[in-house]
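In what follows, every chain begins at residue 1, and chains take the letters A, B, ... in the order their sequences are listed. Reckoned from all heavy atoms, side chains included, excluding hydrogens, waters and symmetry mates.
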Amino acid sequence: MPPPMTTPQPVRGTQSLIGEDADRFHAVIAAFDRVRARFGFRRVEVPVLEHTAVFARTMGETTDVVSKEMYTFEDKGEESVTLRPEFTAGMCRAYLSEGWQQLAPLKLATHGPTFRYERPQKGRFRQFHQLDAEVIGAAEAPADVELLSFADQLLKELELGIGAAVLKLNTLGDPETRAAWRDALFEHFSSRASDLSEDSRARLTRNPLQILDSKAHSDWPVVDSAPVIDDFLTPEAADFFAQVTDGLSAAGVRWERAPRLVRGLDYYRHTAFEFITDTLGAQGTVIAGGRYDGLVESPRGPHTPAVGWAAGIERLAMMIDAPQPERLEVAVVAESQELREGAIAVTAALRRAGMTCELVISGNPRKRFDKAVKLNPTQIYSLSYRGGVLNKSQRGAGAQKTDLDRREFDRRSSYQ
RNA sequence: GCGAUCGUAGCUCAGCUGGUUAGAGCAUCGGUUUGUGGUACCGAGGGUCGCGGGUUCAAGUCCCGUCGGUCGCCCCA
């Protein structure tokens with residue numbers, strides 16, 4: 001229990017944004033939505049809250065995310081529910097339980113908050129936000145190309161700069177390929193277990209593929225000499241990967257082969273990818289995804305091939321240039337009390353005409369003009385009495401086009 | 001879960017080897033001045049020094065714990 005405090009504290013790992021931070025955040029979402037529409041991905045909404053089984057089953061009970069990072073609790077109906085730690089599971093659940101199957105193949109996009117109980121650090125929060133894109137019910141390589149082109153175009157429009165994020169691409173092949181490769185890896189790593197780090201030795205029986213992206217330097221020689229998947233690809237799997245890479249080249253998407261990029265869970269097939277950056281410290285992954293043909297059907301669902309990716313909004317927001325802040329067009333100032341209603345009338349007319357407008361009619365009348373100046377508007381309309389005479393002035397650049405007509409200004413500001 | 005580092009006013013910070021009623025700039029509010037694209041001066045409000053305990057005649061300062069921020073490990077978006 002937190003100790004009683006006079007001022008409430010935010011929950012650890014959550015954040016509230018204002019100003020430039022909020023602008024960055026929404027610039028990422030705006031770009032996503034723009035590109036989304038152009039690629040024909042349908043906008044969908046799925047719940048933040050799902051039955052715990054939705055995530056536990058699809059993500060694998062032994063995953064770190066499921067075993068120790070989920071916000072899981074019993075609701076008042078004594079049902080175990082979980083705040084989503086990712087989107088894919090909920091999207092698939094909706095596909096199955098909301099009758100979306102009849103619309104397949106579906107290109108879907110959504111975004112929103114996701115939750116993971118982790119130690120916060122740079123680019124990592126307990127409540128964080130993701131962009132998500134999925135193609136469900138499409139088994140062919142063009143779907144992968146479509147999905148990756150979407151991600152690539154999004155990054156281009158965010159103007160991260162050349163080389164800021166590179167696409168690392170790999171194939172995990174079909175189940176036959178994967179099983180053969182896995183066996184070969186197991187054999188390779190078992191024979192050299194004594195050279196492996198403690199972490200990697202633990203992975204050996206649980207998931208030998210994960211040793212491939214071990215960060216322990218001591219593992220690197222063993223990893224470098226490990227068998228590569230290309231030697232195990234079935235002709236079908238090799239053809240699928242070739243279609244993806246040819247498609248990407250045709251679409252003008254730059255990529256790099258990453259033969260050690262893997263996914264731990266068995267339902268991943270064929271395409272696996274990450275957009276990586278070195279500008280975010282330890283959290284280098286900005287977009288990650290892959291093909292998960294085996295997910296929906298396990299343990300008992302219709303065979304449903306699918307590909308998808310998720311992106312971290314906060315991570316992208318940290319990488320983009322600061323967006324232009326919304327510029328105030330007009331500040332209307334009443335520099336004495338009896339001119340307030342006139343100022344209100346002018347402001348109302350300007351806002352109805354579609355202009356962004358702030359009203360400055362409170363506080364010390366003599367300081368109101370300075371207050372207006374600090375709002376940094378394009379124009380200032382001020383109403384004042386000077387030497388007992390009503391003085392109306394419009395100041396600022398570019399007045400002609402957006403200006404309230406002079407006569408209209410006079411009429412409105414004379415409101416009694 | 002592990003490690004490092006930091007918590008003083010709304011913000012950015014100062015505060016010496018512990019020593020009177022804890023300071024500055026900015027911001028806010030008020031007064032005078034100026035009189036139209038960030039005037040100048042004066043004044044006010046605002047802090048149980050993150051929280052709890054300990055050492056001491058005396059703790060913002062030293063010690064322990066705890067909560068939080070930041071960065072890294074792990075994992076991931």
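The backbone N or O of A:A311 sits nowhere less than 3.5 Å from a side-chain atom of A:H111 that would complete a donor-acceptor pair. When atom types are taken as modelled, the side chain of A:R269 and the backbone of A:P175 share no donor-acceptor pair closer than 3.5 angstrom. Judged by distance alone, with hydrogens and angles left aside, the side-chain atoms of A:R84 form a donor-acceptor pair with the main-chain N or O of A:P47 at under 3.5 Å. Side chain of A:T271 to main chain of A:R291: no donor-acceptor pair is present (N/O by atom type, distance under 3.5 Å, no hydrogens or angles).
Every stem involving RNA chain B, taken as at least 3 paired positions in a row under the Watson-Crick or G-U wobble test at 3.5 Å, is listed here: B:1-7 with B:67-73, B:10-13 with B:23-26, B:28-32 with B:40-44, B:50-54 with B:62-66.
Near RNA chain B, defined here as any heavy-atom distance below 4.0 Å, the residues from residues 117-131 of chain A are A:E118, A:R119, A:Q121, A:K122, A:G123, A:R124, A:F125, A:F128, A:Q130, listed numerically.
Sparse packing is recorded around OH of A:Y117, with 12 or fewer heavy atoms of other residues, nucleotides or ligands lying under 6.0 Å away. For A:Q324, the CD atom counts as loosely surrounded, since its 6.0 Å shell holds 12 or fewer non-hydrogen atoms of other residues, nucleotides or ligands.
Comparing B:G31, B:U36, B:A27 by their nearest atom to the side chain of A:K374 picks out B:A27.
With salt bridges taken as basic N to acidic carboxylate O contacts below 4.0 Å, none links A:E118 and A:K68. A:E274 has a carboxylate O that lies under 4.0 Å from a charged side-chain N of A:R263, or vice versa, which qualifies the two as a salt bridge.
Computed from coordinates, the A:E86 CD to B:A77 C1' distance equals 10 Å when rounded to whole Å. One atom, NZ of A:K367, and another, C1' of B:G37, lie 18 Å apart when rounded to the nearest Å. A:D370 has its CG atom 15 Å from the P atom of B:U33, to the nearest Å. The CD-P distance, from A:Q210 to B:C74, rounds to 13 Å in whole Å. One atom, CE of A:M318, and another, C1' of B:C71, lie 12 Å apart when rounded to the nearest Å. When the P atom of B:C75 is taken as reference, atom CG of A:L209 falls 14 Å away, rounded to whole Å. Rounded to whole Å, the distance from CD on A:E69 to P on B:G1 is 11 Å. Taking atom CD of residue A:E335 and atom P of nucleotide B:U34, one finds them 15 Å apart after rounding to whole Å.
One P atom belongs to B:U55, the other to B:A44, and the distance between them is 40 Å to the nearest Å. The P atoms of B:G10 and B:G46 are separated by 11 Å, rounded to the nearest whole Å. Look at the P atom in both B:A14 and B:U8: the space between them is 10 Å, to the nearest Å. Comparing the C1' positions of B:G15 and B:U20 gives a spacing of 15 Å, expressed to the nearest Å. To the nearest whole angstrom, the two C1' atoms, one in B:A58 and one in B:A22, are 16 Å apart. One P atom belongs to B:G47, the other to B:G23, and the distance between them is 14 Å to the nearest Å. A distance of about 25 Å separates the C1' atoms of B:A27 and B:G68, rounded to the whole Å. For B:C11 and B:G72, the P atoms lie 24 Å apart once the distance is rounded to whole Å.
Heavy atoms of A:K68 sit nowhere under 4.0 angstrom from any nucleic acid atom. In this structure, A:G13 reaches the sugar-phosphate backbone alone: every heavy-atom distance under 4.0 Å involves primed, P, OP1 or OP2 atoms, never a base. Nucleic acid contact class of A:P10 (heavy atoms, under 4.0 Å, all strands): none. Across all strands, A:R12 comes closer than 4.0 Å only to sugar-phosphate atoms, never to a base (heavy-atom distances).
Nearer the 5' end of RNA chain B, as judged by each residue's closest nucleotide, is the contact made by A:Q15, out of A:R263 and A:Q15. Take the nearest nucleotide of RNA chain B for A:V11 and for A:T285: the residue whose nucleotide is more 5' is A:V11.
The aromatic rings of A:F39 and A:F150 lie parallel to each other, with less than 30° between the two planes, well short of the 60° mark.
If you take CG on A:L316 and NE2 on A:H129, they are separated by 13.5 Å, rounding to the nearest 0.5 Å. In this structure, NE2 in A:H26 is found 8.5 Å from CD1 in A:I313, a value given to the nearest 0.5 Å.
Contact annotation: A:K371 reaches the phosphate of B:C29 (side-chain N/O to OP1 or OP2, under 4.0 Å).
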